[in-house]
Amino acid sequence: MSNAEKVAFGLEGVIALETELSLVEGATANLYYRGYHIDDLVEHATYEEVVYLLFNGDLPSEAELAEFKRTLAREQQVPEPVIALLRSLPKGAAPMAMLRTAVSALAHYDPEAEDNSLEANFRKAIRLTAQAPVLVAAIGRIIQGKEPIPPKDGLSIAANFIYMLNGEEGSEVAVKTLDTALILHAEHGLNASTFAGRVTVSTLSDIYSAATSAVGTLKGPLHGGANEAVMKMLLEIGTPDRAESYVREKLARKERIMGIGHRVYKNGDPRVKHLKRLSQELNREKGTYHWVEISERIEKIMQEEKGLLPNVDFYSASAYYALGIPPELYTPIFAASRMSGWTANFLEQYRENRLIRPRAAYVGPRDRKIQK
Ligand code: COA
């Protein structure tokens, strides 16, 4: 007998826990972090302030922000053996797989790794959030056959990332774009990677194991992996006149168009307008507006044909490309930002833990006997 009718496949619509971190309003296409709308945060806050907000519940005063930035700067030093480990991985390793290995390895160099007190976990959450962008920049250098560059004092997380990746500081608009992208990717309800990490925490495992679970989960093309796939698609299409036939052929083969559709936002993703605007500005400035035109054509056809709208990954692809960031780094950058949201969720889970352990409906054969 099948129990399929009782099963919430993909856990769609299931409310598994309570959170104070973010409110994802699917029907009205709104997203709030601790009660602040993302539009407000994008306009009036920096990524560092958003991280402080996620960890502490309120936006920082000037003095609190200055102190928090000093803490982030102190904690961002990645242990040299972890950089050496990244260098030693086989050539051609996937950057998200490299990040997963590095996040796991960090635990071995943190004397507090096995201290599961709330205080130690708070410090480790900040440490992971500060170190994740440094790891991603190092991975970016290593895959290009270059030496990693350590972070520079006095730069914001966004500015430092560009500096560590390129060896020179970015323009004001480049830093602003990345800062906005970091804000928009920081937190998003009980998405698959946050859920995976919270499940790990719920067994009272350590925070590095939870972060490793989350990175591995974000890696998949149905989750964070979509932004890289979007850019590959844009490069494959090449020119705006080829967009329509490309999409129609894919749909005829029942294939998915990456960066389109969302489990929760059926009426649009509130993060898209910001990334679209930044992508338009950057590509116009760079003389590469065709990437935006191709994206806009895909968006239009998908809406007409399937009633599906772009998600956060769609325009971040062409925005990052205009910043000169290699596509293999798009998902790791997502992870670097989401590390703040993940770890804020892990702290919440440690504080109010109950083992997360659903059940499966058994649909296999029954009452079998061994015949001898
Ligand atoms: N391209 C083509 N068709 C798509 C589609 C896409 N990107 N996304 C959804 N659909 C179609 C499905 O084929 C399905 O059609 P059907 O009912 O005719 O079979 C319908 O829309 C519902 O899709 P389903 O997979 O059940 O929805 P979901 O809520 O599970 O999917 C995603 C959400 C994000 C997994 C899905 O939209 C997707 O695969 N998008 C592309 C990957 C992506 O961008 N991921 C990043 C998410 S932030």
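In what follows, residues are counted from 1 in the order of the sequence shown. What you see is a predicted model, and the numbers here were worked out from it, not measured in a lab. Both counts, for ligands and for their atoms, begin at 1 and track the order of listing.
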Checking [X] side chain against [Y] main chain: does a donor-acceptor pair fall under 3.5 Å?
| X | Y | value |
| --- | --- | --- |
| S318 | W291 | no |
| S340 | T129 | no |
| N311 | D313 | yes |
| Y208 | H108 | no |

- Task: Evaluate ring-ring contact (aromatic ring centres under 6.0 Å, His included) for H188 paired with F334, printing each intermediate quantity in order.
- Result: CA-CA 12 Å; H188 204 228; F334 186 161; 8.9 Å; no

Should the proximity of [X] to ligand 1, defined as any heavy atom under 4.0 Å, be assigned to the side chain, the backbone, both, or neither?
| X | result |
| --- | --- |
| N311 | side chain |
| D269 | neither |
| L308 | side chain |

- Query: Can you tell which of L218, L347, L128 makes a side-chain contact (heavy atoms from CB on, under 4.5 Å) with W342?
  - Reply: L218

Test of proximity, [X] against ligand 1: N or O pairs below 3.5 Å:
| X | value |
| --- | --- |
| G259 | yes |
| I260 | yes |
| M302 | no |
| R256 | yes |

- Message: With a 4.5 Å cut-off on side-chain heavy atoms, are Y52 and E48 touching?
- Response: no

- Query: Cut-off 3.5 Å, side chains only: do D206 and N116 have a donor facing an acceptor?
  - Reply: no

To check your reading of the model: name the closest protein heavy atom to [atom], its residue, and the distance in Å.
| atom | result |
| --- | --- |
| atom 33 (C) of ligand 1 | R263 N, 3.7 Å |
| atom 34 (C) of ligand 1 | G261 O, 3.8 Å |
| atom 1 (N) of ligand 1 | I257 N, 2.9 Å |
| atom 15 (O) of ligand 1 | K306 NZ, 4.2 Å |
| atom 45 (N) of ligand 1 | L222 O, 3.2 Å |
| atom 42 (C) of ligand 1 | M258 SD, 3.7 Å |

- Message: My question is simple, although I want it checked carefully: is atom 25 (O) of ligand 1 less than 4.0 angstrom from any protein heavy atom?
- Response: yes

- Query: Distance below 4.0 Å between atom 9 (C) of ligand 1 and any protein heavy atom?
  - Reply: yes

- Linked, directly or transitively: L234 and V292 (ILVMFWY side chains, under 4.5 Å): no

- Item | Heavy-atom nearest neighbour of atom 27 (O) of ligand 1 within options K266, H262, E12, H223 | K266

